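A quick write-up on the structure given underneath.
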2 protein chains.
Amino acid sequence: MTVKQRELAGKILRRIESGEFSETNRLPTEDQLIEQYGVSRYCVRGAIAVLAEAGEVFPVRGSGVFVREERDGIYMPISTSYGIAADFPDRKVVSQVRELALTRTDEKLAKRMRCDVDAPVWRVVRLRCVDDLPVSYETAWYLKEYVPFLNEDIASGSLYRYMRDDLGLRFGFTDKVIHVDWLGAEAARQLGLKEGDPAICIEDDAFLSNGRLFNASYNLYHYRNARFYSMASMR
Amino acid sequence: MTVKQRELAGKILRRIESGEFSETNRLPTEDQLIEQYGVSRYCVRGAIAVLAEAGEVFPVRGSGVFVREERDGIYMPISTSYGIAADFPDRKVVSQVRELALTRTDEKLAKRMRCDVDAPVWRVVRLRCVDDLPVSYETAWYLKEYVPFLNEDIASGSLYRYMRDDLGLRFGFTDKVIHVDWLGAEAARQLGLKEGDPAICIEDDAFLSNGRLFNASYNLYHYRNARFYSMASMR
DNA sequence: TAGTGGTCTAGACCACAAA
DNA sequence: TTGTGGTCTAGACCACTAT
(Lines give C-alpha, C1' and ligand atoms only; values in the text may rest on other atoms or scores of the structure.)
Protein backbone atom coordinates (compact mmCIF):
# COMPACT_ATOMS: atom_id res chain seq x y z
CA MET A 1 0.00 0.00 0.00
CA THR A 2 1.10 3.53 -0.65
CA VAL A 3 2.41 6.13 1.78
CA LYS A 4 -0.70 8.24 1.33
CA GLN A 5 -2.96 5.29 2.09
CA ARG A 6 -0.94 4.31 5.14
CA GLU A 7 -1.06 7.85 6.45
CA LEU A 8 -4.79 7.97 5.93
CA ALA A 9 -5.09 4.61 7.69
CA GLY A 10 -3.14 6.10 10.62
CA LYS A 11 -5.53 9.04 10.86
CA ILE A 12 -8.53 6.74 10.84
CA LEU A 13 -6.88 4.43 13.38
CA ARG A 14 -6.37 7.34 15.76
CA ARG A 15 -10.08 8.11 15.49
CA ILE A 16 -10.87 4.45 16.21
CA GLU A 17 -8.59 4.46 19.25
CA SER A 18 -10.10 7.70 20.52
CA GLY A 19 -13.40 5.86 20.76
CA GLU A 20 -15.11 8.04 18.16
CA PHE A 21 -16.86 5.04 16.61
CA SER A 22 -17.34 2.94 19.71
CA GLU A 23 -21.10 3.46 19.81
CA THR A 24 -21.87 1.95 16.44
CA ASN A 25 -18.58 0.09 15.97
CA ARG A 26 -18.77 1.32 12.44
CA LEU A 27 -16.56 3.59 10.35
CA PRO A 28 -17.98 6.40 8.23
CA THR A 29 -19.00 5.22 4.77
CA GLU A 30 -16.50 5.37 1.95
CA ASP A 31 -18.26 8.39 0.48
CA GLN A 32 -18.07 10.18 3.82
CA LEU A 33 -14.36 9.44 4.16
CA ILE A 34 -13.81 10.72 0.61
CA GLU A 35 -15.59 13.90 1.64
CA GLN A 36 -13.82 14.23 5.00
CA TYR A 37 -10.29 13.80 3.66
CA GLY A 38 -10.69 15.18 0.16
CA VAL A 39 -9.21 12.13 -1.52
CA SER A 40 -10.45 9.65 -4.09
CA ARG A 41 -12.20 6.41 -3.40
CA TYR A 42 -9.04 4.57 -4.44
CA CYS A 43 -7.19 6.07 -1.45
CA VAL A 44 -10.00 5.50 1.00
CA ARG A 45 -10.31 1.86 -0.01
CA GLY A 46 -6.54 1.45 0.21
CA ALA A 47 -6.53 2.84 3.74
CA ILE A 48 -9.36 0.53 4.77
CA ALA A 49 -7.45 -2.40 3.26
CA VAL A 50 -4.44 -1.47 5.41
CA LEU A 51 -6.61 -1.44 8.53
CA ALA A 52 -8.29 -4.71 7.54
CA GLU A 53 -4.95 -6.45 7.00
CA ALA A 54 -3.85 -5.22 10.41
CA GLY A 55 -6.96 -6.79 11.90
CA GLU A 56 -8.41 -3.47 13.03
CA VAL A 57 -11.59 -3.45 10.93
CA PHE A 58 -13.58 -5.71 8.64
CA PRO A 59 -15.67 -4.45 5.73
CA VAL A 60 -19.07 -6.02 5.07
CA ARG A 61 -20.48 -5.50 1.62
CA GLY A 62 -23.78 -3.72 1.63
CA SER A 63 -23.47 -2.80 5.24
CA GLY A 64 -20.37 -0.91 6.29
CA VAL A 65 -16.87 -1.15 7.74
CA PHE A 66 -16.87 -2.43 11.29
CA VAL A 67 -14.32 -1.99 14.05
CA ARG A 68 -12.99 -5.26 15.42
CA GLU A 69 -12.76 -6.02 19.10
CA GLU A 70 -9.33 -5.55 20.60
CA ARG A 71 -6.97 -8.50 20.65
CA ASP A 72 -5.11 -9.27 23.81
CA GLY A 73 -1.44 -10.07 24.00
CA ILE A 74 1.58 -8.97 22.03
CA TYR A 75 2.27 -10.75 18.80
CA MET A 76 4.64 -10.21 15.96
CA PRO A 77 3.08 -9.91 12.55
CA ILE A 78 4.55 -12.74 10.55
CA SER A 79 4.56 -10.95 7.26
CA THR A 80 6.26 -7.65 8.01
CA SER A 81 9.82 -7.24 6.97
CA TYR A 82 11.15 -4.04 8.41
CA GLY A 83 12.35 -5.68 11.58
CA ILE A 84 11.27 -5.80 15.16
CA ALA A 85 11.88 -2.11 15.79
CA ALA A 86 9.18 -1.12 13.29
CA ASP A 87 6.76 -3.71 14.64
CA PHE A 88 6.88 -2.38 18.18
CA PRO A 89 7.15 1.40 17.96
CA ASP A 90 5.94 1.81 21.55
CA ARG A 91 8.31 -0.68 23.11
CA LYS A 92 11.94 -0.75 24.11
CA VAL A 93 13.69 -2.71 21.40
CA VAL A 94 17.35 -3.52 21.96
CA SER A 95 19.74 -5.39 19.67
CA GLN A 96 22.83 -6.74 21.36
CA VAL A 97 25.57 -7.53 18.87
CA ARG A 98 27.20 -10.84 19.74
CA GLU A 99 29.34 -11.19 16.64
CA LEU A 100 30.26 -8.97 13.72
CA ALA A 101 32.83 -10.10 11.23
CA LEU A 102 33.68 -9.76 7.57
CA THR A 103 34.02 -13.30 6.24
CA ARG A 104 33.51 -15.19 3.01
CA THR A 105 30.74 -17.49 1.83
CA ASP A 106 31.28 -21.20 1.94
CA GLU A 107 29.66 -23.41 -0.66
CA LYS A 108 26.35 -23.83 1.14
CA LEU A 109 25.90 -20.15 1.93
CA ALA A 110 26.93 -19.15 -1.58
CA LYS A 111 24.23 -21.39 -2.99
CA ARG A 112 21.62 -19.90 -0.70
CA MET A 113 22.73 -16.35 -1.44
CA ARG A 114 23.02 -16.92 -5.19
CA CYS A 115 26.60 -15.65 -5.27
CA ASP A 116 30.13 -16.94 -5.82
CA VAL A 117 31.88 -19.06 -3.24
CA ASP A 118 34.31 -16.92 -1.20
CA ALA A 119 32.24 -13.79 -1.79
CA PRO A 120 32.79 -11.28 1.03
CA VAL A 121 29.90 -11.11 3.48
CA TRP A 122 29.25 -9.50 6.82
CA ARG A 123 28.20 -12.04 9.41
CA VAL A 124 26.13 -10.50 12.17
CA VAL A 125 24.82 -12.33 15.22
CA ARG A 126 22.42 -10.43 17.41
CA LEU A 127 20.24 -11.02 20.41
CA ARG A 128 17.00 -9.05 20.06
CA CYS A 129 15.12 -7.99 23.16
CA VAL A 130 11.71 -6.35 23.49
CA ASP A 131 11.06 -4.70 26.83
CA ASP A 132 14.13 -6.47 28.24
CA LEU A 133 12.78 -9.91 27.31
CA PRO A 134 14.97 -11.94 24.95
CA VAL A 135 12.89 -12.60 21.86
CA SER A 136 15.18 -13.89 19.15
CA TYR A 137 18.72 -14.93 18.38
CA GLU A 138 19.49 -13.99 14.81
CA THR A 139 22.33 -14.88 12.52
CA ALA A 140 22.42 -12.78 9.37
CA TRP A 141 24.68 -12.46 6.36
CA TYR A 142 24.90 -9.33 4.22
CA LEU A 143 26.70 -9.27 0.89
CA LYS A 144 29.54 -6.74 1.06
CA GLU A 145 28.80 -5.93 -2.56
CA TYR A 146 25.68 -4.10 -1.37
CA VAL A 147 26.70 -3.24 2.19
CA PRO A 148 30.28 -1.99 1.90
CA PHE A 149 30.61 -0.90 5.50
CA LEU A 150 29.23 -2.04 8.83
CA ASN A 151 30.22 -1.66 12.46
CA GLU A 152 28.91 -2.59 15.87
CA ASP A 153 27.32 0.79 16.41
CA ILE A 154 25.23 0.49 13.25
CA ALA A 155 24.36 -3.14 13.91
CA SER A 156 23.03 -2.37 17.36
CA GLY A 157 20.49 -0.03 15.80
CA SER A 158 18.15 -0.66 12.89
CA LEU A 159 20.18 -2.20 10.11
CA TYR A 160 17.37 -1.80 7.65
CA ARG A 161 17.07 1.91 8.28
CA TYR A 162 20.82 2.25 7.78
CA MET A 163 20.72 0.39 4.50
CA ARG A 164 17.73 2.29 3.21
CA ASP A 165 18.54 5.82 4.36
CA ASP A 166 22.34 5.85 4.42
CA LEU A 167 23.24 3.33 1.73
CA GLY A 168 20.28 4.12 -0.51
CA LEU A 169 19.27 0.50 -1.00
CA ARG A 170 15.76 -0.15 -2.18
CA PHE A 171 14.10 -3.28 -0.85
CA GLY A 172 11.85 -5.52 -2.85
CA PHE A 173 10.54 -8.58 -1.06
CA THR A 174 11.45 -11.37 1.33
CA ASP A 175 10.97 -15.11 1.33
CA LYS A 176 10.39 -16.74 4.68
CA VAL A 177 10.40 -20.40 5.62
CA ILE A 178 9.01 -21.22 9.03
CA HIS A 179 9.74 -24.46 10.84
CA VAL A 180 10.71 -25.91 14.19
CA ASP A 181 14.33 -26.19 15.23
CA TRP A 182 16.26 -26.95 18.41
CA LEU A 183 18.51 -24.56 20.25
CA GLY A 184 22.25 -25.10 20.31
CA ALA A 185 24.27 -24.36 23.43
CA GLU A 186 25.09 -20.75 22.58
CA ALA A 187 21.63 -19.79 21.35
CA ALA A 188 20.09 -21.34 24.44
CA ARG A 189 22.48 -19.46 26.72
CA GLN A 190 21.69 -16.15 25.04
CA LEU A 191 17.93 -16.66 25.16
CA GLY A 192 18.02 -17.93 28.73
CA LEU A 193 16.74 -21.36 27.76
CA LYS A 194 18.14 -24.88 27.79
CA GLU A 195 20.13 -26.52 25.03
CA GLY A 196 17.82 -28.73 23.02
CA ASP A 197 14.74 -26.62 23.72
CA PRO A 198 12.57 -26.15 20.63
CA ALA A 199 12.25 -22.83 18.83
CA ILE A 200 10.35 -21.40 15.95
CA CYS A 201 12.90 -20.82 13.24
CA ILE A 202 12.37 -18.34 10.43
CA GLU A 203 14.80 -18.43 7.57
CA ASP A 204 14.58 -15.20 5.69
CA ASP A 205 15.94 -14.28 2.26
CA ALA A 206 15.69 -10.58 1.48
CA PHE A 207 15.88 -9.16 -2.03
CA LEU A 208 16.44 -5.67 -3.40
CA SER A 209 13.85 -4.13 -5.67
CA ASN A 210 15.90 -5.25 -8.65
CA GLY A 211 15.50 -8.88 -7.57
CA ARG A 212 19.02 -9.38 -6.22
CA LEU A 213 19.39 -11.16 -2.90
CA PHE A 214 21.42 -9.07 -0.46
CA ASN A 215 20.66 -10.60 2.94
CA ALA A 216 19.97 -14.07 4.30
CA SER A 217 19.25 -14.81 7.91
CA TYR A 218 18.51 -17.60 10.30
CA ASN A 219 16.39 -16.50 13.23
CA LEU A 220 15.56 -18.53 16.32
CA TYR A 221 12.63 -17.28 18.38
CA HIS A 222 12.09 -17.74 22.10
CA TYR A 223 9.22 -20.21 22.40
CA ARG A 224 7.55 -18.26 25.19
CA ASN A 225 8.44 -14.64 24.51
CA ALA A 226 7.71 -14.66 20.79
CA ARG A 227 4.31 -15.42 19.32
CA PHE A 228 3.25 -14.69 15.81
CA TYR A 229 0.06 -13.36 14.44
CA SER A 230 -1.37 -13.53 10.97
CA MET A 231 -4.67 -12.32 9.66
CA ALA A 232 -6.00 -13.42 6.32
CA SER A 233 -9.02 -12.64 4.25
CA MET A 234 -10.96 -15.69 3.13
CA ARG A 235 -12.32 -14.38 -0.16
CA MET B 1 -8.26 -10.32 -5.26
CA THR B 2 -11.16 -10.86 -7.53
CA VAL B 3 -12.18 -13.97 -9.45
CA LYS B 4 -11.41 -12.30 -12.76
CA GLN B 5 -7.95 -11.31 -11.58
CA ARG B 6 -7.22 -14.77 -10.22
CA GLU B 7 -8.32 -16.36 -13.48
CA LEU B 8 -6.12 -13.99 -15.44
CA ALA B 9 -3.26 -14.81 -13.07
CA GLY B 10 -3.84 -18.49 -13.80
CA LYS B 11 -3.64 -17.90 -17.55
CA ILE B 12 -0.41 -15.97 -17.19
CA LEU B 13 0.99 -18.60 -14.82
CA ARG B 14 0.34 -21.30 -17.39
CA ARG B 15 2.31 -19.28 -19.91
CA ILE B 16 5.14 -18.92 -17.39
CA GLU B 17 5.17 -22.65 -16.73
CA SER B 18 5.13 -23.43 -20.44
CA GLY B 19 8.46 -21.61 -20.65
CA GLU B 20 7.15 -18.89 -22.92
CA PHE B 21 9.09 -16.20 -21.06
CA SER B 22 12.13 -18.24 -20.07
CA GLU B 23 14.45 -16.44 -22.45
CA THR B 24 14.03 -12.97 -21.02
CA ASN B 25 12.52 -14.04 -17.69
CA ARG B 26 10.20 -11.14 -18.21
CA LEU B 27 6.42 -10.89 -18.61
CA PRO B 28 4.83 -8.81 -21.35
CA THR B 29 4.35 -5.19 -20.29
CA GLU B 30 1.14 -4.15 -18.63
CA ASP B 31 -0.02 -2.46 -21.83
CA GLN B 32 0.64 -5.61 -23.81
CA LEU B 33 -1.33 -7.73 -21.33
CA ILE B 34 -4.20 -5.22 -21.51
CA GLU B 35 -4.13 -5.64 -25.27
CA GLN B 36 -3.77 -9.44 -25.20
CA TYR B 37 -6.62 -10.09 -22.80
CA GLY B 38 -8.88 -7.13 -23.55
CA VAL B 39 -9.15 -6.04 -19.95
CA SER B 40 -8.33 -2.87 -18.08
CA ARG B 41 -5.08 -2.03 -16.38
CA TYR B 42 -6.80 -2.56 -13.03
CA CYS B 43 -7.31 -6.24 -13.83
CA VAL B 44 -3.84 -6.75 -15.22
CA ARG B 45 -2.25 -5.20 -12.15
CA GLY B 46 -4.48 -7.30 -9.89
CA ALA B 47 -3.40 -10.47 -11.66
CA ILE B 48 0.26 -9.50 -11.37
CA ALA B 49 -0.26 -8.80 -7.66
CA VAL B 50 -1.68 -12.31 -7.25
CA LEU B 51 1.39 -13.80 -8.93
CA ALA B 52 3.72 -11.58 -6.90
CA GLU B 53 2.10 -12.62 -3.61
CA ALA B 54 2.47 -16.23 -4.65
CA GLY B 55 6.17 -15.63 -5.19
CA GLU B 56 5.99 -16.31 -8.93
CA VAL B 57 7.05 -12.90 -10.24
CA PHE B 58 8.39 -9.60 -8.99
CA PRO B 59 7.66 -6.27 -10.64
CA VAL B 60 10.45 -3.71 -10.96
CA ARG B 61 9.36 -0.16 -11.52
CA GLY B 62 10.70 1.29 -14.72
CA SER B 63 11.85 -2.06 -15.96
CA GLY B 64 9.29 -4.83 -16.11
CA VAL B 65 7.77 -7.81 -14.36
CA PHE B 66 10.29 -10.62 -13.89
CA VAL B 67 9.74 -14.32 -13.41
CA ARG B 68 11.28 -15.64 -10.20
CA GLU B 69 13.44 -18.71 -10.09
CA GLU B 70 11.67 -21.86 -8.96
CA ARG B 71 11.66 -22.66 -5.27
CA ASP B 72 12.47 -26.16 -4.18
CA GLY B 73 10.51 -28.13 -1.63
CA ILE B 74 6.89 -28.20 -0.65
CA TYR B 75 5.68 -25.56 1.74
CA MET B 76 2.31 -24.50 3.00
CA PRO B 77 1.44 -20.88 2.50
CA ILE B 78 0.89 -19.55 5.98
CA SER B 79 -1.79 -17.08 5.05
CA THR B 80 -4.28 -19.13 3.06
CA SER B 81 -7.44 -20.19 4.74
CA TYR B 82 -9.27 -22.61 2.52
CA GLY B 83 -7.57 -25.62 3.98
CA ILE B 84 -4.89 -28.01 2.93
CA ALA B 85 -6.88 -29.45 0.04
CA ALA B 86 -6.90 -26.11 -1.76
CA ASP B 87 -3.21 -25.54 -1.09
CA PHE B 88 -2.15 -28.79 -2.75
CA PRO B 89 -4.43 -29.35 -5.73
CA ASP B 90 -1.96 -31.77 -7.31
CA ARG B 91 -1.44 -33.93 -4.26
CA LYS B 92 -3.34 -36.65 -2.50
CA VAL B 93 -4.90 -35.00 0.52
CA VAL B 94 -6.65 -37.24 3.03
CA SER B 95 -8.47 -36.29 6.21
CA GLN B 96 -8.95 -39.10 8.68
CA VAL B 97 -11.68 -38.34 11.19
CA ARG B 98 -10.57 -39.39 14.67
CA GLU B 99 -13.45 -37.87 16.61
CA LEU B 100 -16.74 -36.26 15.72
CA ALA B 101 -19.18 -35.32 18.45
CA LEU B 102 -21.82 -32.76 19.23
CA THR B 103 -20.88 -31.26 22.58
CA ARG B 104 -21.22 -27.98 24.44
CA THR B 105 -18.75 -25.20 25.10
CA ASP B 106 -17.08 -24.99 28.47
CA GLU B 107 -16.19 -21.62 29.91
CA LYS B 108 -12.80 -21.32 28.22
CA LEU B 109 -14.04 -22.34 24.77
CA ALA B 110 -17.09 -20.09 25.09
CA LYS B 111 -14.83 -17.14 25.77
CA ARG B 112 -12.69 -17.93 22.77
CA MET B 113 -15.69 -18.46 20.52
CA ARG B 114 -17.54 -15.38 21.78
CA CYS B 115 -20.63 -17.39 22.61
CA ASP B 116 -22.59 -18.56 25.64
CA VAL B 117 -21.32 -21.30 27.89
CA ASP B 118 -23.02 -24.62 27.03
CA ALA B 119 -23.60 -23.54 23.44
CA PRO B 120 -23.83 -26.58 21.14
CA VAL B 121 -20.70 -27.15 19.06
CA TRP B 122 -19.37 -29.86 16.83
CA ARG B 123 -15.98 -31.07 17.95
CA VAL B 124 -13.96 -32.56 15.11
CA VAL B 125 -10.55 -34.13 15.44
CA ARG B 126 -8.79 -35.01 12.22
CA LEU B 127 -5.45 -36.29 11.06
CA ARG B 128 -4.50 -34.62 7.79
CA CYS B 129 -2.18 -36.39 5.39
CA VAL B 130 -0.58 -35.16 2.18
CA ASP B 131 0.74 -37.87 -0.11
CA ASP B 132 0.33 -40.37 2.73
CA LEU B 133 2.56 -38.35 5.07
CA PRO B 134 0.92 -37.18 8.31
CA VAL B 135 1.07 -33.41 8.29
CA SER B 136 -1.20 -32.14 11.03
CA TYR B 137 -3.42 -33.18 13.88
CA GLU B 138 -6.29 -30.75 14.11
CA THR B 139 -8.93 -30.17 16.71
CA ALA B 140 -11.73 -27.91 15.55
CA TRP B 141 -14.99 -26.62 16.97
CA TYR B 142 -17.91 -25.45 14.83
CA LEU B 143 -20.87 -23.60 16.30
CA LYS B 144 -24.02 -25.62 15.65
CA GLU B 145 -25.83 -22.33 15.19
CA TYR B 146 -24.08 -21.99 11.83
CA VAL B 147 -23.38 -25.64 11.04
CA PRO B 148 -26.59 -27.46 11.93
CA PHE B 149 -25.51 -30.82 10.57
CA LEU B 150 -22.27 -32.71 10.23
CA ASN B 151 -21.23 -36.33 9.82
CA GLU B 152 -18.09 -38.36 9.33
CA ASP B 153 -18.52 -38.50 5.59
CA ILE B 154 -18.60 -34.73 5.27
CA ALA B 155 -15.76 -34.25 7.75
CA SER B 156 -13.48 -36.57 5.82
CA GLY B 157 -13.82 -34.29 2.79
CA SER B 158 -13.41 -30.54 2.59
CA LEU B 159 -15.43 -29.04 5.42
CA TYR B 160 -15.03 -25.56 4.01
CA ARG B 161 -16.45 -26.50 0.65
CA TYR B 162 -19.41 -28.11 2.41
CA MET B 163 -20.07 -25.02 4.49
CA ARG B 164 -19.74 -22.68 1.54
CA ASP B 165 -21.53 -24.62 -1.18
CA ASP B 166 -24.07 -26.66 0.77
CA LEU B 167 -24.75 -24.48 3.80
CA GLY B 168 -24.34 -21.17 1.98
CA LEU B 169 -22.02 -19.68 4.57
CA ARG B 170 -19.92 -16.74 3.46
CA PHE B 171 -16.48 -16.51 4.97
CA GLY B 172 -14.82 -13.31 6.02
CA PHE B 173 -11.39 -13.64 7.58
CA THR B 174 -9.31 -15.68 9.98
CA ASP B 175 -6.99 -14.83 12.86
CA LYS B 176 -4.01 -17.07 13.36
CA VAL B 177 -1.60 -17.28 16.27
CA ILE B 178 1.53 -19.28 15.65
CA HIS B 179 3.70 -20.64 18.43
CA VAL B 180 5.56 -23.75 19.59
CA ASP B 181 3.82 -26.48 21.55
CA TRP B 182 4.58 -30.01 22.65
CA LEU B 183 2.75 -33.12 21.50
CA GLY B 184 0.57 -35.03 23.91
CA ALA B 185 0.44 -38.82 23.82
CA GLU B 186 -2.46 -39.11 21.38
CA ALA B 187 -1.28 -36.42 18.97
CA ALA B 188 2.18 -37.96 18.93
CA ARG B 189 0.76 -41.41 18.22
CA GLN B 190 -1.33 -40.11 15.34
CA LEU B 191 1.54 -38.18 13.77
CA GLY B 192 4.01 -41.00 14.26
CA LEU B 193 6.17 -38.95 16.63
CA LYS B 194 7.11 -39.15 20.28
CA GLU B 195 5.19 -37.63 23.17
CA GLY B 196 6.88 -34.40 24.16
CA ASP B 197 8.18 -33.71 20.66
CA PRO B 198 7.79 -30.07 19.65
CA ALA B 199 5.31 -28.92 17.03
CA ILE B 200 4.33 -25.74 15.32
CA CYS B 201 0.90 -24.90 16.63
CA ILE B 202 -1.51 -22.66 14.75
CA GLU B 203 -4.58 -21.54 16.58
CA ASP B 204 -7.11 -20.37 14.09
CA ASP B 205 -10.29 -18.35 14.61
CA ALA B 206 -12.47 -18.13 11.52
CA PHE B 207 -15.19 -15.52 11.02
CA LEU B 208 -18.10 -15.21 8.64
CA SER B 209 -18.37 -12.20 6.40
CA ASN B 210 -20.69 -10.60 8.90
CA GLY B 211 -17.96 -10.71 11.53
CA ARG B 212 -19.35 -13.62 13.57
CA LEU B 213 -16.94 -16.32 14.69
CA PHE B 214 -18.13 -19.75 13.59
CA ASN B 215 -15.04 -21.95 13.90
CA ALA B 216 -12.05 -22.19 16.20
CA SER B 217 -9.29 -24.70 15.83
CA TYR B 218 -6.09 -25.89 17.37
CA ASN B 219 -3.72 -27.40 14.85
CA LEU B 220 -0.50 -29.22 15.58
CA TYR B 221 1.90 -29.63 12.66
CA HIS B 222 4.44 -32.38 12.12
CA TYR B 223 7.83 -30.75 12.65
CA ARG B 224 9.38 -32.50 9.67
CA ASN B 225 6.53 -33.00 7.21
CA ALA B 226 5.09 -29.49 7.49
CA ARG B 227 7.01 -26.37 6.62
CA PHE B 228 5.53 -22.98 6.05
CA TYR B 229 6.28 -20.38 3.49
CA SER B 230 5.51 -16.69 3.48
CA MET B 231 6.42 -14.06 0.97
CA ALA B 232 6.14 -10.39 1.77
CA SER B 233 6.68 -7.19 -0.10
CA MET B 234 8.98 -4.78 1.67
CA ARG B 235 7.47 -1.53 0.42
C1' DT C 1 -36.04 0.42 -2.36
C1' DA C 2 -32.09 2.90 -0.63
C1' DG C 3 -27.53 2.65 0.87
C1' DT C 4 -23.14 0.32 1.17
C1' DG C 5 -19.00 -1.99 -0.19
C1' DG C 6 -16.94 -4.73 -4.53
C1' DT C 7 -15.45 -4.62 -9.30
C1' DC C 8 -14.05 -2.52 -13.40
C1' DT C 9 -12.97 1.05 -16.90
C1' DA C 10 -10.45 5.06 -18.95
C1' DG C 11 -7.20 8.22 -18.46
C1' DA C 12 -3.75 11.27 -16.19
C1' DC C 13 0.65 12.06 -14.12
C1' DC C 14 4.79 10.45 -11.40
C1' DA C 15 9.18 7.71 -10.27
C1' DC C 16 12.42 4.97 -11.92
C1' DA C 17 15.55 1.92 -15.11
C1' DA C 18 17.85 1.38 -19.15
C1' DA C 19 19.47 2.83 -23.40
C1' DT D 1 14.94 10.30 -23.72
C1' DT D 2 11.93 6.45 -23.79
C1' DG D 3 9.40 2.95 -21.77
C1' DT D 4 8.15 0.77 -17.68
C1' DG D 5 5.58 0.04 -13.36
C1' DG D 6 3.37 3.06 -9.28
C1' DT D 7 -0.16 6.30 -7.77
C1' DC D 8 -4.35 8.65 -8.15
C1' DT D 9 -8.73 10.49 -9.99
C1' DA D 10 -13.59 10.28 -11.71
C1' DG D 11 -17.19 7.69 -12.78
C1' DA D 12 -19.95 3.52 -13.93
C1' DC D 13 -22.27 -0.60 -12.66
C1' DC D 14 -22.82 -4.83 -9.65
C1' DA D 15 -23.79 -7.61 -5.25
C1' DC D 16 -25.35 -7.45 -1.00
C1' DT D 17 -27.64 -5.67 3.52
C1' DA D 18 -31.12 -3.52 5.78
C1' DT D 19 -35.63 -1.49 5.91
Side-chain angles (χ1 to χ4, degrees), chain A residues 1-9 12 21 24-53 56-68 164 168-173 207-212 233-235, chain B residues 1-9 12 21 24-53 56-68 164 168-173 207-212 233-235:
Chain A
M1 290 301 154
T2 72
V3 174
K4 185 169 183 178
Q5 287 166 5
R6 255 190 283 262
E7 283 171 356
L8 181 52
I12 297 170
F21 314 124
T24 57
N25 260 336
R26 188 195 292 235
L27 258 50
T29 67
E30 293 184 348
D31 284 344
Q32 288 168 339
L33 290 170
I34 290 168
E35 174 82 20
Q36 289 170 16
Y37 293 100
V39 296
S40 72
R41 198 169 168 218
Y42 172 89
C43 289
V44 165
R45 286 181 60 75
I48 290 171
V50 169
L51 294 172
E53 273 167 42
E56 299 286 348
V57 302
F58 65 96
V60 178
R61 158 145 48 168
S63 186
V65 179
F66 294 85
V67 177
R68 297 196 55 185
R164 188 190 57 202
L169 297 180
R170 260 192 301 276
F171 307 136
F173 51 90
F207 298 79
L208 298 174
S209 63
N210 62 9
R212 303 287 289 276
S233 162
M234 296 176 79
R235 326 252 159 157
Chain B
M1 289 301 154
T2 70
V3 174
K4 185 169 182 179
Q5 288 166 6
R6 254 189 284 261
E7 283 171 357
L8 181 51
I12 297 171
F21 313 125
T24 59
N25 260 335
R26 186 195 293 235
L27 258 51
T29 67
E30 293 184 349
D31 285 342
Q32 287 169 340
L33 290 171
I34 290 168
E35 175 82 20
Q36 289 170 16
Y37 292 101
V39 296
S40 72
R41 197 167 169 219
Y42 173 89
C43 289
V44 165
R45 287 181 59 76
I48 290 171
V50 169
L51 294 173
E53 273 166 43
E56 299 286 349
V57 303
F58 66 96
V60 178
R61 158 146 48 168
S63 187
V65 179
F66 294 85
V67 178
R68 295 196 56 186
R164 187 191 56 202
L169 298 180
R170 261 193 300 278
F171 307 136
F173 50 91
F207 298 80
L208 298 174
S209 64
N210 62 8
R212 304 287 288 277
S233 161
M234 296 175 80
R235 325 249 160 163

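We name chains A, B, ... by the order of the sequence lines, and we start the count at 1 in each one. On a predicted model such as this, the values are computed, not experimentally measured, just so you know.
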In whole Å, I'd like the distance from the [atom1] atom of [X] to the [atom2] atom of [N].
X	N	atom1	atom2	answer
A:Ile48	C:dT7	CD1	P	13 Å
B:Phe58	C:dC16	CZ	P	17 Å
A:Gln5	D:dG6	CD	P	13 Å
A:Asp31	D:dT9	CG	P	14 Å
B:Ile34	D:dG5	CD1	C1'	11 Å
B:Glu35	D:dT4	CD	P	13 Å
B:Leu8	C:dT7	CG	P	15 Å
A:Asn210	C:dA15	CG	C1'	16 Å

Gap separating the [atom1] atom of [X] from the [atom2] atom of [Y], nearest 0.5 angstrom:
X	Y	atom1	atom2	result
A:Leu33	A:Ile12	CG	CD1	5.0 Å
A:Thr29	A:Gln36	OG1	CD	8.0 Å
B:Tyr37	B:Lys4	OH	NZ	13.0 Å

* **salt bridge (Lys or Arg N to Asp or Glu O under 4.0 Å) partners for A:Arg41, two or more places apart** => A:Glu30

* Structure fact -> Across all chains, not counting sequence neighbours, the salt bridge (Lys or Arg N to Asp or Glu O under 4.0 Å) partners of B:Arg212 are B:Glu145

* To do: State which residues pass side-chain contact (heavy atoms from CB on, under 4.5 Å) with A:Glu35; sequence neighbours excluded, sorted by chain then number.
  => none

* Structure fact -> Per nearest nucleotide of DNA chain C, the residue lying toward the 5' end, B:Gly38 or B:Arg26, is B:Gly38

* **Which atom of A:Ile48 lies closest to which atom of A:Pro59, heavy atoms considered** => CG2-CG, 4.2 Å

* Are any side-chain N or O atoms of B:Arg6 and backbone N or O atoms of B:Met1, one a donor and one an acceptor, separated by less than 3.5 Å? -> yes

* Give the nucleotide from the list C:dG5, D:dC16, D:dT7 with an atom nearest to the side chain of B:Arg45. => D:dT7

* Residues two or more places apart in sequence or in another chain: which of them pass ring pair (Phe, Tyr, Trp, His ring centres under 6.0 Å) with B:Phe207? -> B:Phe173

* Asked: Base, sugar-phosphate, or nothing for B:Arg170, non-hydrogen atoms under 4.0 angstrom?
  -> sugar-phosphate

Using nucleotides 1-3 of chain C, report all nitrogen or oxygen pairs with the protein that are shorter than 3.5 Å.
residue: C:dG3; atom: N2; partner: A:Gly62; partner atom: O; Å: 2.9

Kindly give the atom pairs (protein nitrogen or oxygen, nucleotide nitrogen or oxygen) under 3.5 Å for nucleotides 10-13 of chain C.
residue: C:dA12; atom: N6; partner: B:Arg41; partner atom: NH1; Å: 3.1

* Can you check whether A:Thr2 has a side-chain N or O nearer than 4.0 Å to OP1 or OP2 of D:dG6? -> no

* Does a side-chain N or O from B:Lys4 land closer than 4.0 Å to OP1 or OP2 of C:dT9, or not? -> yes

* Starting from the 5' end of DNA chain D, give me the residue, A:Phe66 or A:Cys43, whose nearest nucleotide shows up first. => A:Cys43

